[in-house]
2 protein chains.
Amino acid sequence: MNANHAQNASRIYTINELSEIYDITPRTLRHYEDMGLLSPERRGNQRLYRERDRVRLQLILRGRRLGFGLSEIQEMLNLYDADPTEVTQLQDVIRRGDVKLRELQSQVEELQTIMAEMTELRMTMQRRLEQILLRGE
Amino acid sequence: MNANHAQNASRIYTINELSEIYDITPRTLRHYEDMGLLSPERRGNQRLYRERDRVRLQLILRGRRLGFGLSEIQEMLNLYDADPTEVTQLQDVIRRGDVKLRELQSQVEELQTIMAEMTELRMTMQRRLEQILLRGE
DNA sequence: TCGCAAATTTCCGTTTACGTAAACGGCCAG
DNA sequence: CTGGCCGTTTACGTAAACGGAAATTTGCGA
């Protein structure tokens with residue numbers, strides 16, 4: 001029961017399994033590897049993806065949906081990989097993380113600006129529509 | 001005083017003025033025109049950008065910063081241009097606007113997920129840093 | 001009316017993020 | 001031992017969003 005317990009968490013995925021789970025092509029996974037975003041182990045020359053890789057992939061895809069470039073995503077991933085014994089690296093990660101956080105915050109604000117504009121537009125259209133429908137009665 | 005009053009709001013921009021204001025190249029403005037996102041008037045064949053064009057440009061650039069493609073941005077701009085007398089068009093605009101709004105909302109949520117993760121990471125790093133510094137004393 | 005700077009058009013080049021096809025290797029079932 | 005399937009590498013292709021340079025065209029001042 002103890003040996004079996006870890007089985008779920010340390011599951012290993014093939015490239016096809018992972019690509020199906022996240023609805024991307026194997027090519028995309030290999031591409032991310034070429035770009036240095038993932039580095040799965042190998043059995044022979046087959047790729048073996050662990051949980052760690054899967055989590056990183058989630059982050060990559062989330063970043064992609066938000067319009068970040070792969071190199072930008074790599075920067076963010078690097079924050080997670082810093083050597084936790086080097087003081088200067090830790091400080092650097094914190095600083096760069098803060099910068100990213102501010103960027104993200106301003107993105108949220110821009111999104112909310114757009115949403116407010118669209119909501120206003122929606123209300124205008126709605127009013128027009130109702131007036132036209134009322135006149136039609 | 002009355003004739004002068006509108007001057008500010010109906011200011012006319014050349015392509016170079018507008019490109020400098022928004023820190024983009026004239027080439028980019030022409031590109032947006034080729035893609036149908038802008039359609040400034042002409043004096044001869046010089047482009048004359050009005051307030052309307054400037055506002056549209058702002059929306060375009062904002063969308064671009066958020067990772068939207070130009071065709072997607074065009075869809076959003078079209079929402080602003082719909083014929084406000086046609087009932088079916090109004091209904092269509094409202095529907096498509098609602099879809100967009102939901103997409104935007106989920107983007108905001110994903111951004112906030114990333115921000116939460118980074119904040120957590122930051123706290124972890126901060127603790128590690130402090131522990132190392134304390135041991136150093 | 002001439003000339004020249006400024007703006008325009010045209011076309012090819014570039015980057016990013018993969019798609020796609022070709023050719024090959026390993027392994028297991030029949 | 002031969003498909004068939006999964007996986008790999010290599011290499012060229014492509015769509016989007018411009019950049020850059022060359023070759024006009026236009027407008028305006030001397």
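Whole-Å rounding puts the A:Tyr49 OH to D:dC6 C1' distance at 14 Å. To the nearest angstrom, C1' of C:dG19 lies 14 Å from CE of A:Met35. Between the NE2 atom of A:His31 and the P atom of C:dG19 there is a distance of 9 Å, given to the nearest Å. Atom CG in B:Leu37 sits about 12 Å away from atom C1' in D:dA16, given to the nearest Å. Counting to the nearest Å, the C1' atom of D:dT8 and the CD atom of A:Gln46 are 9 Å from each other. For the pair A:Asp23 CG and C:dG19 P, the computed distance is 11 Å after rounding to whole Å. If you take CZ of B:Arg43 and C1' of C:dA6, they are 13 Å apart, rounded to a whole angstrom. Computed from coordinates, the B:Asp34 CG to D:dG19 P distance equals 13 Å when rounded to whole Å.
Nearest-nucleotide positions on DNA chain D place B:Thr28 closer to the 5' end than the other of B:Thr28 and B:Asn45. Across the interface with DNA chain D, nearest-nucleotide mapping of B:Arg27 and A:Ile15 shows A:Ile15 to be the residue nearer the 5′ end.
Taking 4.5 Å as the limit, every side-chain heavy atom of B:Glu75 sits out of range of all side-chain heavy atoms of B:Arg96. Between A:Lys100 and A:Met76 the shortest side-chain heavy-atom distance falls below 4.5 Å.
Here A:Arg64 does not pair with B:Glu110 in a salt bridge; the nearest charged N to carboxylate O distance is not below 4.0 Å. Checked for salt-bridge contact, B:Glu33 and B:Arg42 meet the test: a charged N lies under 4.0 Å from a carboxylate O.
Taking 4.0 angstrom as the limit, A:Arg47 places a side-chain polar atom (N or O) nearer than this to OP1 or OP2 of D:dT9. Residue A:Thr25 has a polar side-chain atom (N or O) positioned under 4.0 Å from OP1 or OP2 of C:dG19. Look at B:Tyr32 and you'll find a side-chain N or O under 4.0 angstrom from OP1 or OP2 of D:dC18. Under 4.0 angstrom from either OP1 or OP2 of C:dT9 there lies at least one side-chain N or O belonging to B:Arg42. Contact check, B:Arg30 against C:dT10: no side-chain N or O comes under 4.0 Å of OP1 or OP2.
B:Asp53 places a side-chain N or O within donor-acceptor distance of the main-chain N or O of B:Arg50, the cut-off being under 3.5 Å.
Smallest separation of non-hydrogen atoms from A:Thr25 and A:Ser19: C-CB, 3.9 Å.
Residue A:Thr14 is in sugar-phosphate contact alone, with no base atom involved, counting any heavy-atom pair closer than 4.0 Å across all strands shown.
Annotation: proximity of residues 66-77 of chain A to DNA chain C (heavy atom, distance under 4.0 Å) is found for A:Gly69, A:Leu70, numbered in ascending order.
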If you apply the rule salt bridge (charged side-chain N to carboxylate O under 4.0 Å, His left out), what do you find for B:Glu103 with A:Arg65, and how did you get there?
CA-CA 11 Å; B:Glu103 287 173 16; A:Arg65 280 194 294 274; over 6 Å; no

